[in-house]
Amino acid sequence: MGGIALKAYSKHKDVAANESGKIQRIMSLAGLNVRDGKNTLTTQLVKKKKHDWGWEYKYRIPLGRSFEDYLAKISVLKDGLNNRRKRVTFDDLKALEWQGSIISNLKELWKTKLTEQKEIEIDYDGLLIIRVYDKPMTKEVPFVAGEAWKVPVGVTRAFNEFRYHDFEIVPHITLGGATRYGKSNFINSMICSLLHSNADNVKLFLIDLKGGVELCDYENIQQTISIAYEPKEALETLQLAYNRMRSIQSELRRRGKKNVHVGGIKDRYFVIVDEVGELNPLEAVTKEEKLLKQQCQSFMSQIARLGAGLGFRQVLATQYPTGDVIPRQCKQNSDAKLSFRVQSATASRVVLDEAGAELLPQVKGRAIYQTADKREILQTPLITSDEIKSIIFPFQLREEEINEKESTIQQGRKDIVTFTTT
C-alpha cells in the first residue's frame, strides 16, 4: 500500500512538473520574457497546489510585464496545454462499464480522450495565478430557486457549488453581455426565484425594451405593479417607482426609522430594466425623445442612490456595453455585476471595470459574477418556459382584477412629468 501511495504521489509530481514547465515554455515562446541588458527576465514558478479539479500554479512575473500581458495570451496558453498526447490511464479503464460491448466502450473512451480539453483560468493577487482544470465546466445547470431574498447566480467550476446573490446585502446589480448569451434567462430565473420564495412581499416594476418578448409573462400577476415596453411607458413606470420610494421615505421619517429593516417594512421593490441601452439619450432622434430618456436616467440614478435603505433593488441589463449606456450613478451604486461574453475588452470594462468577459467561451449561460471582494466564473441556471408558467400560474390575476389594477395605474399616471420644447 505504501508503494502504491508513493507511486501515485510521484505521478502527481511528474504531472505538475511537466505542466508547469510547459506553461513556462509557452510563456517564453509567446514573447512574455523581458530583456534587461544581457539578462533575460522570465516568469518564475513560486508554488503549485493540487486540487480535486486540477492544479493551481503561482508565478512571479518579471518587471516590465503586467497581468494584462498574460491575459492577452490566455488562448495561446490554453491551446499549448491541450497540444499533448492523449493517454488512456488505468483509472480510465477502471471507470469503464464492463457490461455490454467492451469494444464499443473502449471506442467511446478513446473518442472522449481525443476530444477532452483542459480549461484554464488566470488571476492575479500580487502573483500570477494559473488554474488548470482537468475537466471542462458543465454547460447546463437546471433552475433551482433560492431562499428569502437570495437568487441563484450559477454553479462554480471547482466544486459544483451554487452561488447566490443576496439582495438584502447587495441591493443593485448590473448585467451585460452579447445577445443570446443568457441575460434575459438570468432575469427570468431571478424573478421566478423571488416569486417562489417571497411571493407575498416582492413587488415588480418591469421595463422590457425588447418589445415585451422577455418579460410579458409577468404582466398580469399580482406582484407586478407596472410594466413597460416602450421608452414613454418606461418613464411612466420609473415615475411610479420613484413616487412609491418617496412615499416609503416619508413613512419611515414619520416613524422615526432609518430604513425598512428597522422600520419593519417587509416589502421589496424590484426595478428591472432589460436593455437599458434603449434609454440612452445620446441615441435619441428628436429633442423630445432626448428629454424623455434623460428623465428616465435621472429616475434610475435616484433609485440607485437612495433606494437601498428604502427597500428598492435595481437590476439593469444591456447587450451593448459602451461607456454611455449604463448611467454612472447606477453603475457606481451596483456592487454586484454579472457579465456574459462580450465582444471586446472595452465592453468588459464597462460592465466589470476590467477586462476578461471577452475571453469567456462561446457557451450560453457562462458568465463572470463579480462583487466588491470576489470574482468567479459561473454557469448560470437555465429556466424553461414551462417552469416559468408553472411558477407564475398561482399569481395570475382575474379579468376584473386586471381592470382594477389598470385603473390604479392610470390614476398614478396623472402625476407623470411631461416634456415640451420651446
Side-chain angles (χ1 to χ4, degrees), residues 15-16 19 22-23 26 48-58 70-71 73-84 86 91-92 95 108-109 111-125 128-144 146 151-165 175-186 189-190 336-343 345 348 351-352 354-371 374-384:
V15 169
E19 200 164 65
K22 190 169 187 179
I23 289 172
I26 294 169
K48 55 193 175 187
K49 185 177 181 181
K50 180 73 174 75
H51 296 273
D52 292 340
W53 41 260
W55 284 88
E56 180 180 80
Y57 304 99
K58 292 194 173 185
Y70 291 86
L71 198 60
K73 300 290 186 179
I74 190 169
S75 296
V76 178
L77 286 166
K78 181 179 178 181
D79 292 345
L81 281 177
N82 284 298
N83 182 13
R84 67 193 191 280
K86 310 296 181 182
D91 288 337
D92 294 326
E108 187 62 30
L109 171 62
K111 180 181 177 182
T112 301
K113 297 298 287 186
L114 287 174
T115 57
E116 75 177 6
Q117 294 279 305
K118 287 192 174 184
E119 293 185 355
I120 70 169
E121 289 177 5
I122 66 174
D123 205 347
Y124 188 76
D125 66 352
L128 176 69
I129 303 170
I130 298 182
R131 302 183 186 95
V132 182
Y133 296 90
D134 292 333
K135 295 181 179 180
M137 193 173 185
T138 181
K139 293 183 179 180
E140 189 168 307
V141 175
F143 169 74
V144 177
V151 299
V153 179
V155 170
T156 64
R157 183 197 302 269
F159 303 108
N160 288 327
E161 292 178 344
F162 248 108
R163 290 287 183 267
Y164 295 88
H165 176 81
L175 315 176
T179 184
R180 309 304 298 171
Y181 273 101
K183 297 184 306 300
S184 297
N185 177 80
F186 174 78
S189 69
M190 177 191 72
K337 301 170 179 67
L338 184 71
S339 181
F340 298 84
R341 180 179 169 84
V342 294
Q343 297 300 317
S348 179
V351 183
L352 301 174
E354 58 185 79
E358 79 281 6
L359 300 173
L360 288 170
Q362 295 182 3
V363 176
K364 290 184 178 181
R366 190 68 50 86
I368 295 174
Y369 175 60
Q370 182 171 292
T371 55
K374 198 168 187 179
R375 169 180 168 142
E376 290 184 294
I377 294 179
L378 305 167
Q379 183 66 29
T380 56
L382 174 65
I383 187 166
T384 66

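None of the values given here were measured: they were computed from a predicted structure.
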Between atom [atom1] of [X] and atom [atom2] of [Y], what is the distance when rounded to the nearest 0.5 Å?
{"X": "Arg163", "Y": "Thr156", "atom1": "CZ", "atom2": "OG1", "result": "5.0 Å"}
{"X": "Asp125", "Y": "Lys58", "atom1": "CG", "atom2": "NZ", "result": "4.5 Å"}
{"X": "Leu359", "Y": "Ile122", "atom1": "CG", "atom2": "CD1", "result": "7.5 Å"}

Would you call [X] and [Y] a salt bridge, taking side-chain N to carboxylate O under 4.0 Å as the test?
{"X": "Glu56", "Y": "Arg131", "answer": "yes"}
{"X": "Arg375", "Y": "Glu354", "answer": "yes"}
{"X": "Arg341", "Y": "Glu358", "answer": "no"}

Go through it in stages, so that I can follow the logic: the residues are Val342 and Ser339, the test is side-chain contact (heavy atoms from CB on, under 4.5 Å), and I'd like the CA-CA distance, side-chain angles, deciding distance and then a yes or no.
CA-CA 8 Å; Val342 294; Ser339 181; 4.1 Å; yes
Does the side chain of His51 come under 3.5 Å of the side chain of Tyr133 through a donor N or O and an acceptor N or O?
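Judged by distance alone, the side chains do not pair up.
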Go through it in stages, so that I can follow the logic: the residues are Leu338 and Phe186, the test is side-chain contact (heavy atoms from CB on, under 4.5 Å), and I'd like the CA-CA distance, side-chain angles, deciding distance and then a yes or no.
CA-CA 10 Å; Leu338 184 71; Phe186 174 78; 3.8 Å; yes
Show the nearest heavy-atom pair for residues Leu352 and Gln370, with the distance to one decimal.
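That closest heavy-atom pairing would be O-NE2, 2.8 Å.
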Assess the residue pair Val155 and Glu161 against the criterion (side-chain contact (heavy atoms from CB on, under 4.5 Å)); give the C-alpha distance rounded to whole Å, side-chain angles, the decisive distance to 0.1 Å, and a yes or no.
CA-CA 5 Å; Val155 170; Glu161 292 178 344; over 6 Å; no
side-chain contact (heavy atoms from CB on, under 4.5 Å) evaluation trace for Ile23 with Leu77
CA-CA 7 Å; Ile23 289 172; Leu77 286 166; 4.2 Å; yes
